[in-house]
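Whatever order the structure lists ligands and atoms in, that order sets their numbers, starting from 1.
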Amino acid sequence: MGNMLEDYDHLLNIDYKKPYLFPLAGPESLIHTEGRRRFKLDGVWNFSLDVYDTFLRKKFFEERYHDEEGRDIPVDCDFDQWETVTVPSCWNVQKEAYTYYEGTGVYTRRFQYHGDGTGRTFLRIGAANYESSVWLNGEQIARHEGGFTPYMVEVTGKMKRENRIVITVDNTRKLEQIPSINYDWFNYGGLFRSVELIGTPVRFIKHVFLYLVPDGQYDKICLEAETAGFKAGESLKLEIPELGVAKEFPIGEDGRVKTVIAAKPRLWSCDDPYLYEIAASAGEDRVTDRIGFRQIRTEGKHIFLNGKRIFLKGVCCHEESMERGRALTDEDRLQILRTAKDLGCNVMRLSHYPHHERMAQMADELGMMLWEEIPVYWALMFREEATYRAASGQLRELILRDRNRASVILWGVGNENPDTDERLEFMSSLNKLAKELDPSRLTTAACLVNIDSMMVQDRLAEHVDVVAINEYYGWYYRDYQGLGRIMEQTKLDRPLVISETGADAAAGQFGDEEELFTENHQSKMYRKQFELSEGYVEGIFPWILFDFKSPVRMNPKQGGFNRKGLAAEDKRYRKMAFETVREYFDGK
Ligand code: GCU
């Protein structure tokens, strides 16, 4: 096939994308954004589906509207005449015809820039699923892979008074991606988080990371900072006014600062989500953040927050709105967090990919712990370097984005992946990377149960801090006793949590407790789960808070939705099981 294609390439231009495989932007492109000058490019953009990649094939980015003699020519790239959409958004919810579209969408707008020519300017794309490229005034300036994490590109000196930006987004599922081509959620496509310009001085602070030294003394804060353009010996100042911290530290040869400061902060917890205003300054740069200080650690089989043993009263949640796809608003996020609070949760598993950064900021403020994860989900091309690069890149981007968020206590490095040698190498490396990047959190993954020996048996279990299992006794396996045997027989030297358990229930369908898809059965399933896991696990995360769209759910009772929600997809209707779980959590 390869040779035959080469024979035809001169005719068919098979490799039309090759000139546009711009070097991928990754975690190294990210800089601290809190407290900076930010100019959002959100709002009305022009848009078109691009089913055959005509934008590239016909080089629309050149915007040629006239022939050599200056005469108008009929063009398809008359961007200003295209339909308009609001960014951020997902095209699937834009119109009925786009619901299941998988392919390229082209977003574009004009914008004026009134910079004074001093300092530096960076463009930040909050997230675009899955692969996106950016053109500014006709020049391709960035490309990124990964559907749920941000990337940036410097645009200093590239902008004029009047500018044209084009962002192409391609949500085609591909084998080598993270996730791969088969998963139990809806493949929303689009530019679904904010696009903005961020200004910095010429020399600036790239990153600031503050955390309580996790030694159980609660009396020291670690500062890790990275700067750009400063010489060794210049200083970076850290201010935490409420703690009386206002201290300068020398910047090293590598532009970094790593130091420990004596301080006894009021500790962040769900009941007291206390946040400190912090500021870091160097040269003409000054950045801020609001940071909570807490310690999460394991000891033996138990989990401790600030030295107090805790039980993770959790729930899983996708990032989805029926009206907005994945482009949630703060109101949507508040509704999700408040519903989890009503359920009695102290933690949420933001499945199965990084949610918007506002979720962790709001969880910081409301006092909700979070498990955040990357979509290393089910089977992947574990042997491929490109696949590992994608996974480790997404993990770095997530950790760099959210590591100052006290609410985040767990980094999840994977979910239910077949136990092979390649997968063990792949995921233990991701686990090691998370531990290296962030000593202030725990790692976890949904590991595997061996249903022959009826115990948790997964070689990954000895690498992660908290072993998690997804089990569906009472649903996929009707015999509950299997769960009892797993609980009795599993011997681990570290905490075990149930990261998923659940049963589908059609909202409003009632009947016998043994009748599948009834609310009665879903409620009974949870009663049995709590009865059989009590005392064996350090936490449980019902799958899932709300019903959600999934093309793999073809049972007529599901109708394209996974209906294991404790509440319906409208986020209002609460099923019987919601109260069952709330009662159990209330008693914990
Ligand atoms: C799996 C998987 C979920 C899925 C769930 C289910 O454990 O992790 O993403 O939705 O089971 O079958 O409903």
Side-chain angles (χ1 to χ4, degrees), residues 129 147-148 173 177-188 314-320 326 348-355 371-380 391 410-419 423 427 444-451 456 458 460-461 464 466-478 482-483 486 496-507 516-517 519 521-522 525-526 529 533 537 539-569 575 577 581:
N129 186 40
F148 305 94
R173 287 166 294 119
Q177 291 178 345
I178 301 290
S180 186
I181 57 173
N182 180 38
Y183 42 83
D184 190 11
W185 65 82
F186 194 84
N187 179 25
Y188 291 98
V315 72
C316 300
C317 188
H318 270 296
E319 182 179 48
E320 185 180 55
R326 293 216 193 291
M348 292 184 77
R349 179 184 175 193
L350 302 187
S351 339
H352 282 292
Y353 39 75
H355 292 205
W371 162 337
E372 291 195 317
E373 64 185 60
I374 54 173
V376 172
Y377 181 91
W378 289 358
L380 301 173
L410 285 157
W411 298 124
V413 294
N415 182 76
E416 272 187 5
N417 315 90
D419 187 0
R423 169 263 194 176
M427 295 187 65
T444 188
C447 298
L448 301 173
V449 172
N450 179 327
I451 50 174
V456 178
D458 184 328
L460 185 62
V464 294
V466 174
V467 178
I469 56 168
N470 301 343
E471 49 81 11
Y472 284 88
Y473 286 88
W475 182 251
Y476 295 120
Y477 317 108
R478 298 301 309 275
L483 176 58
I486 292 167
L496 171 67
V497 299
I498 294 174
S499 41
E500 288 182 31
T501 189
D504 282 65
L516 296 183
F517 292 103
E519 291 196 25
H521 172 264
Q522 187 189 38
M525 188 283 304
Y526 277 107
Q529 282 284 337
S533 61
V537 297
I540 189 163
F541 294 74
W543 182 266
I544 186 167
L545 189 53
F546 303 112
D547 291 350
F548 61 95
K549 286 183 78 165
S550 172
V552 308
R553 298 298 166 176
M554 299 147 79
N555 180 306
K557 289 187 163 57
Q558 296 169 313
F561 280 80
N562 184 312
R563 297 223 172 270
K564 296 187 181 69
L566 296 173
E569 66 273 22
K575 304 175 190 174
V581 174

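- Of the possible donor and acceptor atoms, one in the side chain of Thr444 sits under 3.5 Å from a partner among the backbone N and O of Val466.
- Under a 3.5 Å cut-off, the side chain of Gln522 and the backbone N or O of Ala503 do form a donor-acceptor pair.
- Remark: aromatic rings of Tyr353 and His318 are close, center separation under 6.0 Å.
- The two residues Val497 and Trp371 have their closest heavy-atom pair at CG2-CZ3, 4.4 Å.
- None of Lys549, Arg553, Arg563, Lys564 except one satisfies the salt bridge (Lys or Arg N to Asp or Glu O under 4.0 Å) rule with Glu569; the exception is Arg563.
- No side-chain donor from either of Tyr477 and Glu471 sits under 3.5 Å from a side-chain acceptor of the other.
- Sorted by chain and number, the heavy-atom contacts of ligand 1 below 4.0 Å come from Asp184, His352, Tyr377, Asn415, Glu416, Asn470, Tyr472, Tyr476, Glu500, Trp543, Phe548, Arg553, Asn562, Lys564.
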